[in-house]
Amino acid sequence: MLTGYYCTNIFSGQAKELIAFYRDTLEIPFIKTDVDLTSGVYFGFLENAPTLYIWDCKVFNAEPTGHQSFVFQTDDLDLTMECLKKKRGAISEAVRYDWGTCEVRLNDIDRNEIVIIEFV
């Protein structure tokens, strides 16, 4: 049986740029790499928790992964949006939902959905 959730793999034809987006734009901490800094890169917030793992699909002769939706949490959505606008330009406005979150959505360079939420 399953004992845990390990990671999400993203195989990308633009791995180097995608890695830069998660590292520099979203500032998700780098954990380690199995290959080098352009493929096989783990991002996450705790070393022994699930990670986001980016691979160069050309290196591994693999098809690009289909689009994903990643949800990240922040304690201050307004401040996070301000920082993202400085790095990336225009992003959508935040939406407040009845279930208790305020959310903003954007896409990475592979068109994966990035959802950033603040619990309110």
Side-chain angles (χ1 to χ4, degrees):
M1 286 303 298
L2 300 177
T3 60
Y5 176 68
Y6 183 68
C7 73
T8 298
N9 286 317
I10 299 178
F11 284 88
S12 174
Q14 306 175 84
K16 185 176 179 181
E17 294 85 358
L18 194 62
I19 289 166
F21 173 81
Y22 284 93
R23 181 190 61 225
D24 301 334
T25 302
L26 295 183
E27 298 181 9
I28 297 176
F30 166 83
I31 293 183
K32 67 178 182 174
T33 183
D34 279 347
V35 180
D36 59 31
L37 293 177
T38 62
S39 185
V41 177
Y42 288 85
F43 289 98
F45 297 94
L46 300 170
E47 190 160 338
N48 294 316
T51 57
L52 180 63
Y53 205 4
I54 300 175
W55 298 94
D56 186 335
C57 65
K58 294 173 274 187
V59 171
F60 295 93
N61 197 26
E63 290 295 316
T65 307
H67 296 130
Q68 307 291 323
S69 179
F70 299 107
V71 181
F72 298 98
Q73 183 178 345
T74 182
D75 292 329
D76 188 334
L77 188 58
D78 291 332
L79 181 60
T80 300
M81 289 175 62
E82 199 175 298
C83 292
L84 285 171
K85 286 177 185 176
K86 288 178 185 175
K87 294 178 182 182
R88 188 159 195 259
I91 60 173
S92 69
E93 292 298 316
V95 176
R96 187 180 181 125
Y97 292 99
D98 292 339
W99 53 78
T101 62
C102 196
E103 304 177 6
V104 66
R105 288 171 169 22
L106 58 140
N107 292 327
D108 68 20
I109 63 168
D110 276 357
R111 295 184 36 218
N112 293 302
E113 178 183 53
I114 307 298
V115 182
I116 302 172
I117 66 171
E118 176 185 355
F119 289 97
V120 290

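Treat the numbers as computed from the prediction; the structure is a model and nothing was measured.
Heavy atoms only, all atoms of each residue included: Cys102 and Ala94 are closest at SG-CB, 3.9 Å. Between Thr33 and Gly40, the closest heavy-atom pair is OG1-O, 2.9 Å.
Going from atom CG of Leu77 over to atom CZ of Arg96 covers 11.0 Å, rounded to the nearest 0.5 Å. The structure places CD of Gln73 at 5.0 Å from CZ of Phe119, a figure rounded to the nearest 0.5 Å. Here the straight-line distance linking atom CD1 of Ile109 with atom CD of Glu17 works out to 5.0 Å at 0.5 Å rounding. For the atom pair Ile91 CD1 and Thr80 OG1, the distance stands at 9.0 Å (nearest 0.5 Å). Separation of atoms NZ (Lys85) and CG (Leu106) is listed at 11.5 Å; rounding is to 0.5 Å.
No donor-acceptor pair closer than 3.5 Å links the side chain of Asp78 to the backbone N or O of Met81. Side-chain atoms of Gln68 come within 3.5 Å of backbone atoms of Gly66 as a donor-acceptor pair (strictly under, hydrogens ignored). With hydrogens and angles ignored, the 3.5 Å screen pairs no side-chain donor or acceptor of Thr8 with any backbone N or O of Leu52. Without hydrogens or angle criteria, Asp56 side chain to Lys58 main chain gives a donor-acceptor distance under 3.5 Å. Of the possible donor and acceptor atoms, none in the side chain of Thr25 sits under 3.5 Å from a partner among the backbone N and O of Leu84. In this structure, Thr74 contributes its side chain and Glu118 its backbone to no donor-acceptor pair below 3.5 Å.
Looking at Thr51, Ile28, Ile31 one by one, the single match for side chain to side chain contact (heavy atoms under 4.5 Å, CB included) with Phe45 turns out to be Ile28.
In Asp24, the CG atom is crowded: over 12 heavy atoms of neighbouring residues, nucleotides or ligands sit closer than 6.0 Å. With a 6.0 Å radius and a threshold of 12 heavy atoms from other residues, nucleotides or ligands, Lys87 has its NZ atom above the threshold.
Taken together through direct or relayed side-chain contacts under 4.5 Å among Ile, Leu, Val, Met, Phe, Trp and Tyr, Ile54 and Val71 form parts of separate hydrophobic clusters. Val104 and Val115 fall into different hydrophobic clusters, where Ile, Leu, Val, Met, Phe, Trp and Tyr residues are linked whenever their side-chain heavy atoms come under 4.5 Å apart, directly or through other members. Hydrophobic clustering, with ILVMFWY side chains joined whenever heavy atoms are under 4.5 angstrom apart, keeps Leu79 apart from Ile114.
Looking at Ile10 and Leu18, their side chains come closer than 4.5 Å, going by heavy atoms from C-beta outward. By the 4.5 Å heavy-atom criterion applied to side chains, Leu37 and Ile19 are not counted as neighbours. Looking at Thr65 and Asp110, their side chains never come closer than 4.5 Å, going by heavy atoms from C-beta outward. In this structure, the side chains of Glu63 and Phe11 stay at 4.5 Å or more apart for every pair of heavy atoms.
In this structure, Tyr42 and Tyr6 have perpendicular ring planes: the angle between them is above 60°, well past the 30° mark. Note on ring orientation: taking the six-membered ring where Trp is involved, the planes of Trp55 and Tyr53 are tilted (angle from 30° to 60°).
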Practice task
Go through the steps to decide whether Leu26 and Phe70 satisfy the test side chain to side chain contact (heavy atoms under 4.5 Å, CB included), and finish with yes or no.
Solution key: CA-CA 12 Å; Leu26 295 183; Phe70 299 107; over 6 Å; no
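Among residues two or more places apart in sequence or in another chain, the salt bridge (Lys or Arg N to Asp or Glu O under 4.0 Å) test is passed with Arg88 by none.
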